Amino acid sequence: MSKTPPRDRSRFQADTRLVHAGRDPSAQQGFVNTPIYRGSTVLFPTYDDIKNRRGRYQYGTSGTPTMDALSDAWSEIAGAAGTVLTPSGLSALTIALMAAVSAGDHLLVTDSAYRPTRIFCDGVLSRYGVEVEYYDPLVGTDIAALMRENTRAVLVEAPGSQTFEMQDVPAIAEAMHARGGAVIMDNTWATPLLFPPHERGVDIAVEAGTKYLSGGSDLLIGLVSATERWYPAVKRTYEHFAPCAGPEDIFLGLRGLRTMGLRLREHGQRGIAMAEWLQGRPEVARVLHPALPSDPGHSIWKRDFKGASGLFGVILNPVSEDGLAAMLDGLELFGMGFSWGGFESLVIPFDPTVYRTATRWQAEGPALRFHIGLEDLDDLKADLEAGFARMAAVA
Ligand SMILES: Cc1ncc(COP(=O)(O)O)c(C=O)c1O
């Protein structure tokens, strides 16, 4: 017989919880990992049970032991009352938003939000009668001045997607809570390991598990965790749409969870090392990374965050498009692709001027977003150095 795992893990550190949360070998013939339950139909033993809908499991969409393993583990790690799993980070954001606002409500959305979140707000929420207003991510306590009688929720993202502004989440939460509304956060960059959302005033936190939970660029999954007050609304909204994550993807998520702390530390340290190196390059005008002391968001990051992940931005000095293309096209180690959080290094060009509405994005030259993977740092630097040389040759 296998040992019963420690049920009260409150005395353990995050790394220990990551290893033990959401699995019970003593309940699965001693096997270390929770098995994959696939299924739509759940059989009820008696007429009385089916009539009274008795039993934890009743239908494939509303829960399986595999789903529970990850959602319970995530709630434990995030310090949440409950978590629902969805098939992507974007679908998790849509569930979080729909749980918090209704027709006639006013929703404040940071101008630095992940762009597809904006597209959902403008394309779906607006169509269903929600007033969507974008605000300056650096607003801080002044957010109170933007709140109206019908403001029911504020969406924050820190650091901002692509542009990496730090938001004062506790200050924004205080202002929103004074009006009884919900603070929703896209916490994908930090994960609950580096920014414990519910301790910092967030009511509904979203994680694109596609990134660091997976760690392998091989999985799409979303997680929505919420406080006691907001979890029932999140769960109800989830049940209305039933956007179930697939059992194999949940299994991969559980596998990723065990090593997430370790990987994040590596991504974070490497990211900072590369950001510092890039800051010293003549081709670079500015680095957008809240862990750098020169970053305008550094003091908030230091106050509220426990570390950094591996994603940051760089503003280059003015350079021709041909020069930029020559740099990027010849890279051997940095891939060009949108999703991030895997073991590999990535770079993409970005231009926030095309979607920002509440603030004006001003930059010295073209902008690049880097994700630093687990390759050797000297190899990565050599790849970029060769890229800068190609850039100079074209210029
Ligand atoms: C900050 C952020 N939030 C959410 C998402 C959406 O995640 P998914 O790709 O799983 O829909 C992404 C994806 O790039 C992201 O960068």
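First listed ligand is number 1; within each ligand, the first listed atom is number 1. This structure is a prediction, so every number in the text was calculated from the model and none was measured.
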Looking only at protein heavy atoms, what sits closest to atom 8 (P) of ligand 1 is G89 N, 3.3 Å
Which of R281, E283, M274 passes side-chain contact (heavy atoms from CB on, under 4.5 Å) with L384? It is M274
If we number the atoms of ligand 1 from 1 as shown, the ones under 4.0 Å from a heavy atom of A208 are 4 (C), 5 (C), 6 (C), 7 (O)
Per-atom filter on ligand 1: closer than 4.0 angstrom to a heavy atom of E157 are 1 (C)
Polar proximity ligand 1 side, D186 side, N/O cut 3.5 Å exclusive: yes
For S161, the ligand 1 atoms with a heavy-atom partner under 4.0 Å come out as 1 (C)
| message | Any nitrogen or oxygen of L220 lying under 3.5 Å from a nitrogen or oxygen in ligand 1? Just yes or no. | response | no
- Salt bridge check: are R229 and D203 linked by an N-O gap of less than 4.0 Å? no
The single option from Y212, F312, F343 that satisfies ring-ring contact (aromatic ring centres under 6.0 Å, His included) with H371 is Y212
_Taking the ring centre of each residue, are F370 and F334 less than 6.0 Å apart?_
yes
Quick note on ligand 1: atoms under 4.0 Å from a heavy atom of T210 include exactly 8 (P), 10 (O)
Any heavy atom of W340 under 4.0 Å from ligand 1? The part involved is side chain
Using a plain distance cutoff, I'd like to know if R369 has any nitrogen or oxygen under 3.5 Å from a nitrogen or oxygen of ligand 1. no
Hits for side chain to side chain donor-acceptor pair (under 3.5 Å) against E266, two or more places apart or cross-chain, chain-then-number order -> R270
Taking the inter-plane angle between the rings of F305 and F195 on a 0 to 90° scale, is it parallel (under 30°), tilted (30 to 60°) or perpendicular (over 60°)? tilted
_Side-chain H-bond candidate by donor/acceptor type, T94 with S91, under 3.5 Å_ = no
Margin query: Donor-acceptor pair, distance only, cut-off 3.5 Å: does the side chain of N52 make one with the backbone of R54?
Written below: no
For L90, the ligand 1 atoms with a heavy-atom partner under 4.0 Å come out as 6 (C), 7 (O), 8 (P), 11 (O)
Closest to atom 9 (O) of ligand 1 among protein heavy atoms sits K211 NZ, 3.4 Å
